[in-house]
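Letters A, B, ... mirror the listed sequences (proteins, then strands); counts begin at 1. Keep in mind the model is a prediction, meaning the values are calculated, not measured.
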2 protein chains.
Amino acid sequence: MPNKKNARTRHTSVSQRRQVTIIEVAEAAGVSIATVSRVMSGSPSVRSELVERVRRAADELGYRPNPAAQRLASGVGDTIGVVVPNLANPYFYDVIKAMNIAAATEGYQMLIADANEDPDEEFDLSTNLLRQVDGLVLVSPRMPAASLRRLAQENVHIVLVNRVAVGVGLPTVAVDNYSAMVEICGHLARLGHRRVVYLAGPELSWQNVERQRAVEQAEAFGLEVQTVPAGASIDTGHAAVDRALELKPTALVSFNDLVAFGALARLQELGVRVPDDVSLTGFDDIPFAAYVSPSLTTANSPQRVLGQRAWQVLHQMMSGAEVDDTPLVKAEVVIRGSTAAPTSSTPDRLPSRPAAGSAAPSVH
Amino acid sequence: MPNKKNARTRHTSVSQRRQVTIIEVAEAAGVSIATVSRVMSGSPSVRSELVERVRRAADELGYRPNPAAQRLASGVGDTIGVVVPNLANPYFYDVIKAMNIAAATEGYQMLIADANEDPDEEFDLSTNLLRQVDGLVLVSPRMPAASLRRLAQENVHIVLVNRVAVGVGLPTVAVDNYSAMVEICGHLARLGHRRVVYLAGPELSWQNVERQRAVEQAEAFGLEVQTVPAGASIDTGHAAVDRALELKPTALVSFNDLVAFGALARLQELGVRVPDDVSLTGFDDIPFAAYVSPSLTTANSPQRVLGQRAWQVLHQMMSGAEVDDTPLVKAEVVIRGSTAAPTSSTPDRLPSRPAAGSAAPSVH
DNA sequence: CTGTTAGCGCCTTCAA
DNA sequence: TTGAAGGCGCTAACAG
């Protein structure tokens, strides 16, 4: 508890009024606190006259139950926790937003934690949240399976999003990354591409593992695949391009859209044209993928569905229902302007200018 | 409390263990619960030998204090609430993320609520959150001043972000929208633009009021300004373009970047070239503004600073410190590719094709 | 420095 | 259908 009570600033002029408790309501209504409690929780076994009286007293006094007390007494609350690797990634927002809406519909609130792409922090935040929420959603967790297993042992309901962990016994909601990525590679192969570089995501990311597996699998289609480590954000994509180009690929396959954006910016700085000189693909189809230029060929990972389903599963667990193991969610490949057939004259030497003029976007 | 306890699914195989309480730790360590409490809260007045014994007992048993009980007993907690109009707007990401990081550094957690651009829900969510958090941040609230005033009366610390409300007595952290928008208009005027349409944001948004005020003020520069209502999201921008074009402007000034993105997409569908046929500006400089094509002229609203400052102010209030009224944060205008001098041949009739080929991004 | 003891506000048997 | 009373787990005086 980092806090002290009883603060006062020149902004808080009005005399702070204490919390209205159930006792005051009971007195005002001339009933016992038990009755008030019953009325507040909508118990049917209260004479309607009393219900009326209590209701009136309650909102005249502006009574609102104290959640901490409710939770302490009843053992349950109305909030769920969510841990994400990085709050700055739009991909997660859609998942979170969908989840939040679904949860709010049933009266639940959301405690959010940002792990900053750090697996250890992820675990710490999770254990911490565990104590105060009724359910926990881990979105794309990077923490090791052993950590997940420890969490699974705890007395809280947990669901995993976009992380399939075998032998952990946690229900999972995930996208079929593999198939979609195979399709993307197939698309490139059909266009006539041969040399492809995969701009890899975070090593510990299940999604990265799946996508990379697919890309490598694509060698069966005659693609020659090499991998360059990048990450999950715009700047890692930007930074990885130079190494990737040394391998003289005709196409760059990015871990996700953000990496692709970064790569695109760098390519433009270098004067390498997309898709004329090199094709580029993303993954996730975040809302901006359609608005960059050239618009990005990517795979539409249905975030909203994921979010809704995650809540649905969690809710099932919390209400003691049997949990359906949900199948992988399909991701649709979206062909846009950033991919095309390779030209015969793949540039063997690159332009030496470090950056084009004012048109070149700067990366922060 | 929407919840029931005691759920069981085929996933939760291990026998759920009860919460370890302070009593068990006390017994295991052979001390009183008061001592355990002291040790856990780092009180200096405990013999180091006992500290040691308690610590060992605590983590052997895996003891973690129950936050609900702590909060009930002490009256304070360690979580702050945040209400945003729309979680899907990237503008808010950075504000939230910065705030979250700052708060986490001091041991605070974040309860998030999405008001879905609905002022009433905003108020409800706020009053609800009020009961269970130690501080509340309202980001760009659209609710009426009267509602804010009621909230201000409550026994919680509140800070406003990007909403200046006079006579409400709530500390505020905000961007200087007005000056930046005046600058944007000046930029257009210097380029030689005369007829400008403002794609307005949400009516109840203070930021919109400020930006619109600035645009209208720009008539002093010789700009002829007309306003078309749009909103705060991509699709509202997309939808507003047709009406805007009827006014035959040489430049479109958008409420924010998202609206500009939507407008850009629609303009491209119509075959109207940016900036050749019409210039376009945004506001906020979200990370993607540099990556669309043409890259967007906009104003860099320093979200991170806002987030940090919001936390700083809130923290000051919560710790009873005097609150500095912070001055408006300056927004820098960023000139990019979407603005240029108007050509003499402003298209009087538009191309009739409803949409260009595969290059036209689709809006969802 | 340490232990005892009231509560914090509410829920929930258990009787009536 | 209602009320009385015992906790929920912890903090914070207050004694010693």
**Request:** Could you tell me the separation between the CD atom of A/Glu24 and the P atom of C/dC8, rounded to a whole number of Å?
**Result:** 11 Å
**Request:** Using whole Å, report how far CZ of A/Arg64 lies from C1' of C/dC10.
**Result:** 15 Å
**Prompt:** Listed by chain and number, what are the salt bridge (Lys or Arg N to Asp or Glu O under 4.0 Å) partners of B/Arg53, not counting sequence neighbours?
**Reply:** B/Glu49
**Message:** Rounded to whole Å, please give me the gap between CE in A/Met40 and P in C/dG9.
**Reply:** 15 Å
**Request:** Begin from the C-alpha positions of B/Ser41 and B/Ser43 and carry the test side chain to side chain donor-acceptor pair (under 3.5 Å) through to its verdict.
**Result:** CA-CA 6 Å; B/Ser41 62; B/Ser43 161; 5.8 Å; no
**Item:** Distance, rounded to the nearest Å, where A/Arg71 contributes CZ and D/dC8 contributes C1'
**Value:** 12 Å
**Prompt:** Among B/Asp120, B/Leu151, B/Leu204, which one satisfies side chain to side chain contact (heavy atoms under 4.5 Å, CB included) with B/Met143?
**Reply:** B/Leu151
**Asked** Would A/Arg71 and A/Asp78 pass as an ion pair if we require N to O under 4.0 Å?
**Response** no
**Message:** Pair A/Arg142, A/Glu122 - check salt bridge (Lys or Arg N to Asp or Glu O under 4.0 Å), show working.
**Reply:** CA-CA 8 Å; A/Arg142 273 84 153 119; A/Glu122 219 171 54; 5.1 Å; no
**Message:** Between B/Lys97 and A/Asp114, does any side-chain N to carboxylate O distance fall below 4.0 Å?
**Reply:** yes
**Prompt:** A/Leu72 has an atom CG; how far is it from atom P of C/dC8, in whole Å?
**Reply:** 13 Å
**Fill in**
note: B/Asn66, atom CG; C/dG9, atom P; distance rounded to Å ~ 16 Å
**Message:** Rounded to whole Å, how long is the line connecting atom CD of B/Gln132 with atom C1' of C/dC10?
**Reply:** 15 Å
**Prompt:** Would you say D/dT11 has OP1 or OP2 under 4.0 Å from some side-chain N or O of B/Gln70?
**Reply:** yes
Detail all sub-3.5 Å separations between protein N/O atoms and N/O atoms belonging to nucleotides 1-5 of chain C.
unit_1: C/dT2; atom_1: OP1; unit_2: B/Arg47; atom_2: NE; d: 2.7
unit_1: C/dT2; atom_1: OP1; unit_2: B/Arg47; atom_2: NH2; d: 2.9
unit_1: C/dT2; atom_1: OP2; unit_2: B/Arg47; atom_2: N; d: 2.5
unit_1: C/dG3; atom_1: OP2; unit_2: B/Ser32; atom_2: N; d: 3.2
unit_1: C/dG3; atom_1: OP2; unit_2: B/Ser32; atom_2: OG; d: 3.2
unit_1: C/dG3; atom_1: OP2; unit_2: B/Thr35; atom_2: OG1; d: 2.6
unit_1: C/dG3; atom_1: N7; unit_2: B/Arg38; atom_2: NH1; d: 3.3
unit_1: C/dG3; atom_1: N7; unit_2: B/Arg38; atom_2: NH2; d: 3.4
unit_1: C/dG3; atom_1: O6; unit_2: B/Arg38; atom_2: NH2; d: 2.5

**Prompt:** Between A/Leu61 (CG) and C/dG9 (P), how many Å, whole number?
**Reply:** 15 Å
